[in-house]
Amino acid sequence: MVNQLKTLSNRLKNLHPFSRKFLAQWITLFCVCSLILISCTPDAKITSSPNNSRIAIGTTLKLRTLDPADAYELISGNILYNLGDRLYDYELGTNQLIPKLATALPTLSSDGLTYTIPLRQGVLFHDQTAFNAAAMEFSIKRFIQNAGSPSSLLADTIDTVQATADYELTIKLKKPFAAFPSLLAFSGITAVSPQFYEIGEGKFKPNEFVGTGPYKLNSLGIDVIRLDAFDQYWGEKPANRGIDIQRFSSSSNLFNAFRSGAVDLAYLSLNPDQISSLQQGAEAGKWQIISANGNTINYLVINVKSEPLNRIEVRKALASLINRSIINERVLQNQGEKLFSLIPTTFSEYKPTFYLKYGDGNIEKAKQLLTQAGYTPENPAIVELWYASNSSNKGFLGLTLKALADRDLGGLLDLQLNSVESTTAFKYLEQGIYPTFVLDWYADFLDADNYIQPFLECSQGSVETGCIKGSSQYQGSFYYSDRMNQLIAQQRQEQNPEARKLIFQEIQELLAEDVPYIPLWQDKTYVFAKNGIDNIRLQLTQQLPFWIIKK
């Protein structure tokens, strides 16, 4: 069986797995090879030259909309991050909040509900409209009332928003939420011109943008998006004349376009084989590599109501079986980071509770738990492992876990692999169709709450029935715990960072004890750049500040 695992490892490394399900396109190995063969002539429509101070960025991500009230994808968040300003931003490379259109962190009322925010003066929108508190009030109300994809972020949180002075904004919440200032740094909650936009459900402008950021939109084509430096920007002026974002039809075309010098930067998404190849080129001095731990986590959701996963011993056995070192090496080609909690390692609240409780591939513990639950080689625990069919690396993960179970567990566990297209999966997760599912998640804002509440809170249910309504039901785990609900409510109200951190530690301990999810790995983000391109910095949000990049 050891030789079989080696054969499996070689097979995985010879394929071209994509590293993120919601960014990947499903194609067969034949199509991958065909694309590589025909991609000698990249489909780039822009070129880069040393004498041009514009920066050409290549990507495979497809843009759906630039309307901040409806934008909820990674590429739109990146572009809006550079076209607009929010009340708050993060210090480069950290999750430390800093004022942006605000001039200071909010003043909070004693009941934890009312935030008073002083605003910056002398700011202009791209259409020359003056920014003030009324404009920020308009922008937030529009985000909520136009009812776009991300509207619930504020609709479920804010009671009222009001310009209480020319440059003072007052926001009252429905209930206390300690992470609210971090939420205001979400890329879609950007100031937009009241002269250009309107409030009304569904009234979006997907192909236009007028904000206050360091760039203004020049043109939005199918394959090329051009941003020009805004010469009246109130803050740090861009170090370049503009940005040309070229979308490529495949990772192979992006890979070849960067290698041929057609673009200055390659950023999202390349497959692991291509990243490994470019890493070797960077080590040889041909170009630069910039990498950072992102905020995307990959995890296994477990339906705690389904047989045999309604038995805690089986869930704990699965947690013991997971060997993240093998996953990182054989599935991810060492391009991820082992994760032992739903909270990423980049947060101070992170505690590796799954490692502390189960280790990393504790086969003896898994066998002991399955035997304790009454399973034998003649009567194994049968567990369906589901993953998105349009995500190659999730499929390779399933093959790897099945190979480990078959080799090491003596027939006590029968992992049965199943796949379905991701859009179909998202429709049926909350209906309890899948006993397990491999998923990933990137947070809307940098606070530990955004990795806990959307997974573990349940507003209606019981231990007997499971979660009937709430976050865990929506995620497909149906987990219900009175204690977990209490802890989530406590951390959302706690304003003292150290006290809040202790609550998160208890939450992670309870998560590891009850096992409604099993954390797997945390993605790394890679940018490849030509030599001579300077000041490329990645935010923990995976966003790339364009304005500091220069040739």
Side-chain angles (χ1 to χ4, degrees), residues 18-27 43-46 57-84 86 126 139 142-155 186-192 196-211 213 215-227 243-251 253-254 266-270 294-296 388 390-391 421-427 439-445 523 525 539 541-544 546:
F18 291 88
S19 61
R20 295 173 55 105
K21 71 165 175 39
F22 53 86
L23 304 177
Q25 299 174 337
W26 167 247
I27 49 180
D43 51 359
K45 295 180 175 60
I46 57 176
I57 300 176
T59 186
T60 62
L61 304 188
K62 185 176 181 180
L63 182 68
R64 179 181 63 87
T65 180
L66 273 181
D67 193 309
D70 194 37
Y72 218 175
E73 292 81 21
L74 190 56
I75 186 171
S76 55
N78 261 282
I79 297 174
L80 289 172
Y81 178 70
N82 289 277
L83 284 174
R86 296 137 305 282
H126 300 154
S139 301
R142 182 178 184 272
F143 184 92
I144 296 171
Q145 295 177 29
N146 285 36
S149 299
S151 61
S152 62
L153 290 175
L154 294 187
F186 174 66
S187 59
I189 309 174
T190 184
V192 295
F196 185 77
Y197 293 93
E198 59 182 324
I199 293 177
E201 185 171 345
K203 292 183 176 180
F204 301 120
K205 292 181 179 288
N207 302 317
E208 301 172 276
F209 182 82
V210 178
Y215 294 93
K216 58 183 179 180
L217 183 65
N218 175 307
S219 62
L220 193 159
I222 295 175
D223 295 321
V224 181
I225 304 166
R226 300 185 189 276
L227 315 181
I243 303 291
D244 298 319
I245 302 169
Q246 169 69 50
R247 182 182 176 270
F248 291 87
S249 58
S250 71
S251 63
N253 285 352
L254 173 59
Y267 176 51
L268 297 176
S269 291
L270 296 165
N295 70 335
T296 299
N390 52 325
S391 174
E421 206 278 328
S422 59
T423 55
T424 302
F426 296 143
K427 290 180 183 178
L439 294 172
D440 51 26
W441 171 272
Y442 68 92
D444 300 312
F445 54 96
D523 283 347
T525 304
Q539 291 282 47
T541 57
Q542 302 182 56
Q543 292 165 336
L544 188 64
F546 296 160

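These numbers come from the heavy atoms of this one structure, side chains and all, not from hydrogens, waters or symmetry mates.
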Peer 1: Please determine whether side-chain contact (heavy atoms from CB on, under 4.5 Å) holds for the pair E201 and Q145, giving the CA-CA distance in whole Å, both sets of side-chain angles, and the decisive distance to 0.1 Å.
Peer 2: CA-CA 6 Å; E201 185 171 345; Q145 295 177 29; over 6 Å; no

Peer 1: Go through it in stages, so that I can follow the logic: the residues are L66 and I79, the test is side-chain contact (heavy atoms from CB on, under 4.5 Å), and I'd like the CA-CA distance, side-chain angles, deciding distance and then a yes or no.
Peer 2: CA-CA 8 Å; L66 273 181; I79 297 174; 3.6 Å; yes

Peer 1: For a 4.5 angstrom cut-off between non-hydrogen side-chain atoms, does P150 reach F186?
Peer 2: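 Side chain of P150 against side chain of F186, heavy atoms only: contact under 4.5 Å found.
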
Peer 1: Keeping Y72 on the side-chain end and D444 on the backbone end, is there a donor-acceptor pair under 3.5 Å?
Peer 2: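 No, the answer is negative, given that no donor and acceptor are paired below the 3.5 Å cut-off.
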
Peer 1: Could you give me the CA-CA distance, side-chain angles and deciding distance for N390 and S422, then say whether side-chain hydrogen bond (donor to acceptor under 3.5 Å, both in side chains) is met?
Peer 2: CA-CA 7 Å; N390 52 325; S422 59; 3.1 Å; yes

Peer 1: If I compare all heavy atoms of R86 with all of I189, which pair ends up nearest, and what's the gap?
Peer 2: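 The pair with the smallest heavy-atom distance is CG-O, 3.3 Å.
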
Peer 1: Between F209 and L83, which heavy-atom pair has the shortest distance, and what is it?
Peer 2: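 That would be CE2-O, 3.3 Å.
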
Peer 1: Could you check whether any side-chain N or O of D223 sits under 3.5 Å from a backbone N or O of S249, counting only pairs where one atom can act as donor and the other as acceptor?
Peer 2: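 Pair absent, no side-chain N/O of D223 close to backbone of S249.
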
Peer 1: Go through the steps for T541 and Q539 under the test side-chain hydrogen bond (donor to acceptor under 3.5 Å, both in side chains), then give the verdict.
Peer 2: CA-CA 5 Å; T541 57; Q539 291 282 47; 5.6 Å; no

Peer 1: Any non-hydrogen side-chain atom of Y267 less than 4.5 Å from a side-chain atom of N78?
Peer 2: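 Yes. Closest side-chain heavy atoms under 4.5 Å.
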
Peer 1: List the atom of I57, the atom of F546, and the distance in Å for their closest heavy-atom pair.
Peer 2: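 Heavy atoms only, the tightest pair is CD1-CE2, 3.6 Å.
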
Peer 1: Between Q542 and T296, does any side-chain donor sit less than 3.5 Å from a side-chain acceptor?
Peer 2: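 A donor-acceptor contact under 3.5 Å links the two side chains.
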
Peer 1: So do the side chains of V210 and E208 get within less than 4.5 Å of each other, counting heavy atoms only?
Peer 2: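 Of all side-chain heavy-atom pairs linking E208 with V210, none is under 4.5 Å.
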
Peer 1: For residues G148 and D70, report the shortest heavy-atom separation together with the two atoms involved.
Peer 2: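 Residues G148 and D70, closest heavy atoms: CA-OD1, 3.4 Å.
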
Peer 1: Could you check whether any side-chain N or O of S76 sits under 3.5 Å from a backbone N or O of A71, counting only pairs where one atom can act as donor and the other as acceptor?
Peer 2: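 Not a single qualifying donor-acceptor pair exists.
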
Peer 1: Kindly give the heavy-atom pair with the smallest separation between G77 and S187, and that separation in Å.
Peer 2: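 Answer, listing the atom of G77 first, then S187: CA-OG, 3.4 Å.
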
Peer 1: Do the non-hydrogen side-chain atoms of S139 and V192 ever get within less than 4.5 Å of each other?
Peer 2: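 Yes. Closest side-chain heavy atoms under 4.5 Å.
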
Peer 1: Looking at D67 and R142, is any side-chain nitrogen of the basic one under 4.0 Å from a carboxylate oxygen of the acidic one?
Peer 2: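 A salt bridge links R142 with D67.
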
Peer 1: What's the spacing between T423 OG1 and K427 NZ if we round to 0.5 Å?
Peer 2: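 NZ of K427 is found 6.0 Å from OG1 of T423.
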
Peer 1: Which atoms form the tightest heavy-atom contact between I245 and L227, and what is the distance?
Peer 2: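 Taking I245 first and L227 second, the nearest heavy atoms are CD1-CD1, 4.4 Å.
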
Peer 1: With no hydrogens and no angle check, is any side-chain donor or acceptor of S250 less than 3.5 Å from a backbone partner on N253?
Peer 2: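 Present.
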
Peer 1: Would you sort out whether T190 and Y81 count as a side-chain contact (heavy atoms from CB on, under 4.5 Å), showing the intermediate values?
Peer 2: CA-CA 8 Å; T190 184; Y81 178 70; over 6 Å; no

Peer 1: Short question: side chain of T59, backbone of L268 - any donor-acceptor pair under 3.5 Å?
Peer 2: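 It does hold such a pair.
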
Peer 1: Contact between T60 and L270 at the side-chain level, heavy atoms closer than 4.5 Å - yes or no?
Peer 2: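 Heavy-atom side-chain distance check fails, nothing below 4.5 Å.
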
Peer 1: Any chance you could lay out the side-chain contact (heavy atoms from CB on, under 4.5 Å) test for L220 and L63, step after step, and finish with the verdict?
Peer 2: CA-CA 10 Å; L220 193 159; L63 182 68; 3.8 Å; yes

Peer 1: Going from CG on N207 to OG1 on T65, what distance comes out if it is rounded to the nearest 0.5 angstrom?
Peer 2: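 Spacing of CG (N207) from OG1 (T65) equals 7.0 Å.
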
Peer 1: Quick one: is the NZ or CZ of K205 closer than 6.0 Å to the six-membered ring centre of F196, and within 45° of its axis?
Peer 2: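 Geometry flag: set, cation within 6.0 Å and 45°.
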
Peer 1: What distance do L544 atom CG and N82 atom CG have between them, rounded to the nearest 0.5 Å?
Peer 2: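 Here the rounded value is 7.0 Å.
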
Peer 1: Between D523 and Y442, is a side-chain hydrogen bond (donor to acceptor under 3.5 Å, both in side chains) present by the stated rule, with each step listed?
Peer 2: CA-CA 10 Å; D523 283 347; Y442 68 92; over 6 Å; no

Peer 1: Please confirm whether the backbone N or O of Y215 pairs with a side-chain atom of H126, one donor and one acceptor, at under 3.5 Å?
Peer 2: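 Yes, the answer is positive, given that a donor and an acceptor are paired below the 3.5 Å cut-off.
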
